[in-house]
Peer 1: 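Encoded as structure tokens, here's the structure I'll be asking about.
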Amino acid sequence: MYAEVALNIPIDKTFVYRVPENLVEKLEKGKRVIVPFGRKDFLKTGIITDIKEKTEVNPSFIKEIFDIPDSFPLFTENTLKLAEEIAKRYASGIGETLFFFLPSGFIIDESTYIYLIKDEKVKGKTERDILNFLKEKKGKVKLVTLNRRIKGSVYQAVKNLIRKGLIGKEEAITYPSLPSKKFVSLLKEETVRGAKEKLLIELLKEKKEISVDEIKKSGIKSHTIKRLQEKGIIEIFEKEILLDIKKQELEDKRKITLTSDQKKAFEKITNGKNETFLLYGVTGSGKMEVYLNAAREIVNRGKSVLILVPELLLTPELRARVESYFGENIAVFHSKLSKKELTSQWIKAIKGTTKVFIGTRMALMLPIKDLGLIVVDEEQDVSYKEQQKPLYHARDMAIKRGKIENCPVVLVSATPSVESYYKGITGEYIPLELKKRISEIPLPYIKVVNLSEEKKVGIFSQPLITAIKNTIKKGEQVLLFINRRGFFSSGFCPECGFVAECNDCAVPLVYHKSVKKLICHICGKTYKPVYRCPKCKTKLEFKGYGTERVEEEAKVLFPEGKIIRLDQDSVKDPIRGAKLISDIKKGKYNIIIGTQIASKGHNFPKLTLVAVLLADVGYLLPDFRSSERVFQTIVHTTGRAGRFKPGAAIVQAFEPENPAVKYAREYRFELFYKEEIEARKIFNYPPFSFPVLLEFQLERSSKFKTVESKFNVLKEKLSPYFNVPPLTPAPIPKIAGRYRFTSFLRASSEENLIKGVNLLKNEMQLLFKGIRYKIDVEPVYLL
DNA sequence: AGCACGCCGACT
DNA sequence: GTCGGCGTGCTC
Ligand SMILES: [Zn+2]
Ligand SMILES: [Zn+2]
């Protein structure tokens with residue numbers, strides 16, 4: 001008996017292992033295996049992707065599976081299929097893909113550790129660096145970490161140092177942190193005096209083992225437990241637990257009568273087979289009620305539900321709202337959970353003890369059985385695209401999963417992506433429109449101010465100043481949206497044109513007044529501020545606006561305002577961030593200056609005026625979606641106003657006649673889509689083409705010539721599948737010290753895309769060994 | 001990816 | 001000679 005095993009190495013290949021007699025019974029697809037691998041037979045964690053009687057591989061090369069530790073698989077048959085699809089579409093390997101999604105708590109790997117014996121003079125630079133690193137670290141360091149942190153031939157140098165007796169090595173296994181809990185059991189029966197002590201012993205007589213958590217619930221303090229342990233009466237031990245199951249009946253905590261539009265959508269979804277629905281309608285039209293009701297119906301039929309949400313939307317508020325439908329028996333899944341929590345949620349999925357899962361894009365692969373519905377909320381959100389390998393799009397792969405699981409998928413949005421909207425028209429998706437708002441409160445009136453004509457004080461136009469003053473006078477709140485944090489873009493020299501840029505990235509630095517530093521928003525590197533041109537000593541001029549600069553101007557203009565900044569910088573610390581948000585809700589502030597963070601997820605009841613300060617900057621960026629993003633920012637941000645009582649919005653723009661601005665203001669979304677779809681068609685952008693962004697990241701720009709000539713050879717081979725433009729410097733030509741060259745390939749059909757990507761992946765591997773590159777299929781960021 | 005091996009210039 | 005930097009190839 002043989003098992004095909006996928007390992008966490010970046011080659012698109014599985015490995016064949018023999019299954020020993022004693023493990024045949026435990027053999028199952030999707031299960032975790034521990035196998036020896038490589039020359040050193042280091043133990044590695046793998047996933048069984050297939051089981052076979054025969055194999056082509058030479059029997060003398062085949063090794064034996066070391067262990068199958070679990071009684072259950074970590075991937076279902078369906079999620080294994082999904083992983084294969086992802087690997088195929090996004091130029092990734094099956095092993096790479098599986099291990100990208102699998103929580104690291106499941107991984108047991110053996111590796112080499114290095115430690116210092118004595119420090120002596122050595123000649124080689126790499127050897128010196130290694131000794132210094134070990135001296136600084138004190139203790140054992142993984143060989144791989146050395147290799148990552150030190151440049152040069154680390155492996156060679158380590159070998160030499162071992163031979164010289166300066167360092168030592170040992171092999172060790174990293175143990176996984178499966179969810180565990182402390183338990184207590186009785187060692188001997190002895191009479192004790194204390195009432196609490198007696199109680200604990202009584203409890204232990206009844207039940208052999210009780211978890212410390214549970215003991216504490218009956219009013220016994222931890223020092224009591226400790227004292228009995230010291231006396232040798234009880235014993236405390238760690239025990240692996242799979243999960244703590246909270247069984248709860250689903251009850252109608254919310255009695256909501258759906259409108260007729262909502263009811264229609266609900267019926268369509270709950271009667272769905274494996275269609276993709278596009279559920280759309282303006283803010284406040286009750287989209288969430290529809291999908292939560294549908295989800296509850298599906299759960300009542302005994303099936304499970306997966307709800308995907310963008311990163312910033314997974315707030316306690318949202319969780320509470322979902323809990324109001326399902327009780328506490330829901331599981332969240334996102335990157336802020338700990339290793340143990342992630343493994344625990346994963347197990348809940350595979351065991352089927354929880355029926356409702358809500359998470360970010362990484363929740364896509366949860367091994368949920370009997371999936372009856374997948375929801376993708378805010379389907380247009382860019383955070384659904386993974387930015388590391390595998391560069392998958394969770395919305396598109398959710399649709400794929402729906403087909404594999406044979407269940408309906410609902411895409412939800414107030415402003416669908418142009419691609420999804422178009423597919424709603426062609427019938428690929430079934431459109432479900434909610435035309436009316438639920439409440440009587442009208443949508444905010446949007447006033448557009450022309451920034452190139454109107455009088456301004458700083459960034460504030462006269463109409464905006466008046467509106468802000470009136471709003472805070474009434475005791476209500478104002479949100480000022482600006483799409484950048486920091487103060488302003490660092491200076492440029494009017495004499496010689498010098499611009500303060502990051503040394504590693506070709507982007508202007510942003511001045512952050514609060515920390516008095518220049519910060520690169522691409523790589524995060526900080527610099528001391530410069531005020532004079534280093535070349536000609538002219539005083540630098542500053543331009544651009546960030547939240548900090550808006551805040552400073554607002555303080556002068558509105559001395560009566562209670563102003564707060566709400567951006568990544570101010571909510572970095574989660575505890576302080578949560579406090580900030582609750583303070584805003586309480587009305588402690590009346591002028592909120594925020595970025596994306598402020599325009600998503602949170603409802604501020606007293607907010608009645610929203611302003612988009614620079615609505616159409618970014619409109620001219622070389623990205624075919626820039627217009628769509630302007631449109632979405634305006635609709636989403638202005639939609640924050642007047643959730644609870646009528647509100648208004650002001651949009652400041654340089655070109656008010658720009659369709660993205662005009663149609664957002666008039667709430668004539670269908671006209672925006674019509675024009676945008678027309679433009680996409682003319683210029684052959686998605687949904688009319690299937691792009692791949694090929695990006696080289698070169699250490700030296702001088703390497704470009706050889707890369708380019710090799711690329712031109714490849715170009716010919718790719719031409720049956722892609723339109724291949726020449727390799728050119730990326731719009732941001734340098735990031736983190738690497739020179740970026742890109743080619744924006746376009747396939748005319750999905751079939752060509754998949755075939756072409758496969759060819760591209762294989763050819764690139766052969767042609768560009770030792771060169772860093774990225775194959776971004778259907779990219780979201782083009783800069 | 002992680003690791004070994006083999007090639008080649010530089011330096012005892 | 002041989003040390004150490006670097007490119008190449010293999011892993012069931
Ligand atoms: Zn100058
Ligand atoms: Zn930078």
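Below, chain A is the first sequence line, B the second, and so on; all start at residue 1.
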Peer 1: Can a side chain N or O of A/Thr126 be found less than 4.0 Å away from OP1 or OP2 on C/dG5?
Peer 2: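 Result: yes.
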Peer 1: Which nucleotide sits closest to the side chain of A/Phe37: C/dT11, C/dG5, C/dC3?
Peer 2: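 In terms of side-chain proximity for A/Phe37, the closest of C/dT11, C/dG5, C/dC3 is C/dT11.
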Peer 1: Kindly point out which of C/dG5, C/dT11, C/dG9 is positioned nearest to the side chain of A/Ser153?
Peer 2: C/dG5
Peer 1: With a 6.0 Å cut-off on the ring centroids, do A/Phe75 and A/Phe101 count as close?
Peer 2: no
Peer 1: Roughly how many Å is it from CD1 in A/Ile11 to P in C/dC10, rounded to a whole number?
Peer 2: 11 Å
Peer 1: The side chain of A/Lys123 lies closest to which of these nucleotides: C/dG5, C/dC3, B/dC3?
Peer 2: C/dC3
Peer 1: Side chain of A/Ile62: nearest nucleotide among C/dG4, B/dC5, C/dC12?
Peer 2: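 Among the listed nucleotides, the one closest to the side chain of A/Ile62 is C/dC12.
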Peer 1: Which whole-number value in Å describes the distance from A/Glu110 CD to B/dC3 C1'?
Peer 2: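 Answer to the nearest Å: 14 Å.
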Peer 1: Please give, in whole Å, the distance from B/dG9 C1' to A/Lys125 NZ?
Peer 2: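 For the pair A/Lys125 NZ and B/dG9 C1', the rounded distance is 19 Å.
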Peer 1: Is there a donor N/O on one and an acceptor N/O on the other, under 3.5 Å, for the side chain of A/Lys13 and the base of C/dC12?
Peer 2: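 Answer is yes: a donor-acceptor pair is held.
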Peer 1: Starting from the 5' end of DNA chain B, give me the residue, A/Lys169 or A/Pro10, whose nearest nucleotide shows up first.
Peer 2: A/Pro10
Peer 1: Please step through side-chain hydrogen bond (donor to acceptor under 3.5 Å, both in side chains) for the pair A/Asn78 and A/Thr76, ending with a clear verdict.
Peer 2: CA-CA 5 Å; A/Asn78 285 339; A/Thr76 61; 5.3 Å; no
Peer 1: Over how many whole Å does the gap from A/Ile107 atom CD1 to B/dA1 atom C1' extend?
Peer 2: 13 Å
Peer 1: Of the nucleotides B/dA1, B/dC3, C/dC12, which has the atom closest to the A/Phe42 side chain?
Peer 2: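 Among the listed nucleotides, the one closest to the side chain of A/Phe42 is B/dC3.
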Peer 1: Ignoring hydrogens and geometry, is there a side-chain-to-backbone donor-acceptor pair from A/Trp346 to A/Leu74 under 3.5 Å?
Peer 2: yes
Peer 1: How many whole angstroms separate atom NZ of A/Lys40 from atom P of B/dC5?
Peer 2: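 Roughly 11 Å, once rounded to whole Å.
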Peer 1: Would you tell me if any nitrogen or oxygen in the side chain of A/Lys769 comes within less than 4.0 Å of OP1 or OP2 on C/dG9?
Peer 2: yes
Peer 1: Below the 4.0 Å mark, does B/dA4 have OP1 or OP2 next to a side-chain nitrogen or oxygen of A/Tyr155?
Peer 2: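 So the side-chain polar atoms of A/Tyr155 never come under 4.0 Å of the phosphate oxygens OP1 or OP2 of B/dA4.
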Peer 1: Could you walk me through whether A/Thr14 and A/Glu4 pass the side-chain hydrogen bond (donor to acceptor under 3.5 Å, both in side chains) test, one step at a time?
Peer 2: CA-CA 6 Å; A/Thr14 52; A/Glu4 205 73 60; 2.9 Å; yes
Peer 1: Which of the following nucleotides, B/dA1, B/dC3, C/dC3, is nearest to the side chain of A/Leu143?
Peer 2: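 Nucleotide nearest to A/Leu143's side chain: B/dC3.
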Peer 1: For A/Gln156 and B/dG2, what is the distance between atoms CD and C1' respectively, to the nearest whole Å?
Peer 2: 15 Å
Peer 1: Do the two ring centres, one from A/Phe704 and one from A/Tyr739, sit under 6.0 Å apart?
Peer 2: no
Peer 1: Checking contacts here: which listed nucleotide (B/dC5, C/dC12, C/dG4) is nearest the side-chain heavy atoms of A/Lys159?
Peer 2: B/dC5
Peer 1: Measure from CG on A/Asn8 to C1' on B/dG2 and round the result to the nearest Å.
Peer 2: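 Going from A/Asn8 (CG) to B/dG2 (C1'), I get 12 Å.
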Peer 1: Grab the CD1-C1' distance between A/Ile48 and C/dC12 for me, whole Å please.
Peer 2: 14 Å
Peer 1: Among C/dG5, C/dG4, C/dC12, which nucleotide sits nearest the side chain of A/Phe15?
Peer 2: C/dC12
Peer 1: Taking 4.0 Å as the cut-off, does a side-chain nitrogen or oxygen of A/Asn147 come that near to OP1 or OP2 on B/dA1?
Peer 2: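 Checking B/dA1 against A/Asn147, no side-chain N or O comes under 4.0 Å of OP1 or OP2.
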Peer 1: Under 4.0 Å between a side-chain N/O of A/Thr112 and OP1 or OP2 of B/dC3, yes or no?
Peer 2: yes
Peer 1: Within the structure shown, what part of the strands sits under 4.0 Å from A/Gly770 by heavy-atom distance: base, sugar-phosphate, or nothing?
Peer 2: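 If one applies the 4.0 Å heavy-atom cut-off, A/Gly770 turns out to touch nothing in the nucleic acid.
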Peer 1: NA contact type, A/Glu127, heavy-atom cut-off 4.0 Å: base, sugar-phosphate, or nothing?
Peer 2: sugar-phosphate
Peer 1: Does the ring center of A/Phe66 lie less than 6.0 Å from the ring center of A/Tyr17?
Peer 2: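 Between A/Tyr17 and A/Phe66, which both carry aromatic rings, the centre distance is not below 6.0 Å.
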